[in-house]
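These notes concern the structure reproduced below.
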Amino acid sequence: MPHIIPIKELKNTAEISELCHKTDGPVYITKNGYGDMVLMSMESFEKISSRLKMYENLELAENQLKKGETKDARASLSAMREKYDL
């Protein structure tokens, strides 16, 4: 269940920080009854950011496959070994 708090509660910074760290996701901040901001712990932000980067890479790979922009894995590994003296 999402955590939603009014903006006036942001003055309780220690409590908000604790809530963000307990919650495995965003804390929604409302202003005059409407959504205004989202807060989250650094850990949650980094987890979401890395997941987004993974999805972006998967989308790029799928597009490359559709366009036929692929390389033979063995040939690529051999080229990397030669280039980096592995």
Side-chain angles (χ1 to χ4, degrees):
M1 177 174 341
H3 291 276
I4 303 170
I5 60 173
I7 198 165
K8 66 181 178 179
E9 290 188 23
L10 287 180
K11 60 186 166 192
N12 303 324
T13 56
E15 291 174 19
I16 300 296
S17 176
E18 186 177 329
L19 177 61
C20 287
H21 287 281
K22 278 189 200 175
T23 305
D24 189 31
V27 175
Y28 298 92
I29 311 298
T30 61
K31 183 176 180 181
N32 298 324
Y34 296 97
D36 187 50
M37 293 185 282
V38 175
L39 295 175
M40 64 179 62
S41 69
M42 289 296 294
E43 295 85 10
S44 292
F45 177 76
E46 289 170 357
K47 188 166 93 173
I48 289 171
S49 294
S50 66
R51 191 176 298 154
L52 178 61
K53 185 65 178 169
M54 178 188 64
Y55 289 137
E56 288 172 348
N57 287 334
L58 286 171
E59 181 180 22
L60 176 63
E62 286 179 352
N63 289 335
Q64 289 173 337
L65 278 171
K66 286 178 187 175
K67 294 177 183 177
E69 298 172 349
T70 59
K71 295 181 181 179
D72 179 70
R74 287 194 171 112
S76 294
L77 287 173
S78 293
M80 287 173 55
R81 286 186 182 114
E82 288 177 21
K83 181 177 181 179
Y84 296 106
D85 270 341
L86 300 176

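Here the structure is a predicted model, which means the values were calculated and not measured.
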Identify the heavy atoms of Val27 and Cys20 that sit nearest to each other, and give their distance.
CG2-SG, 3.9 Å
For Asn32, I'd like to know if atom CG has over 12 heavy atoms of other residues, nucleotides or ligands within 6.0 Å.
no
Just wondering, are more than 12 heavy atoms of other shown residues or ligands nearer than 6.0 Å to CE in Met80?
no
Considering residues at least two apart in sequence or located in another chain, which fulfil the salt bridge (charged side-chain N to carboxylate O under 4.0 Å, His left out) criterion with Lys71?
none
Return the NZ to OG1 distance between Lys66 and Thr70, rounded to the nearest 0.5 Å.
14.5 Å
Enter the distance from Leu10:CG to Lys31:NZ here, rounded to the nearest 0.5 Å.
11.0 Å
With a 4.5 Å limit on heavy-atom distance, are the side chains of Ile16 and Leu39 in contact?
yes
How long is the gap from CG on Asp72 to OG on Ser78, to the nearest 0.5 Å?
8.5 Å
Is there a path of hydrophobic side-chain contacts, each under 4.5 Å between heavy atoms of I/L/V/M/F/W/Y residues, joining Ile7 to Ile5?
yes
Rounded distance (nearest 0.5 Å) linking atom CG of Leu60 with atom CD of Gln64:
4.0 Å
Say you draw a straight line from CG of Leu19 to CE of Met40; how long is it, rounded to the nearest 0.5 Å?
12.0 Å
Between atom OG1 of Thr30 and atom NZ of Lys8, what is the distance when rounded to the nearest 0.5 Å?
9.5 Å
Less than 3.5 Å apart, which donor and acceptor atoms pair up between the side chains of residues 41-52 and the rest of the protein, not counting sequence neighbours?
unit_1 : atom_1 : unit_2 : atom_2 : d
Ser41  : OG     : Glu43  : OE1    : 3.3
Ser41  : OG     : Ser44  : N      : 3.1
Ser41  : OG     : Ser44  : OG     : 3.2
Glu43  : OE1    : His21  : ND1    : 3.4
Lys47  : NZ     : Asp24  : OD1    : 3.1
Lys47  : NZ     : Asp24  : OD2    : 3.2
Ser49  : OG     : Phe45  : O      : 2.9
Ser50  : OG     : Glu46  : O      : 3.3
Ser50  : OG     : Lys47  : O      : 3.0

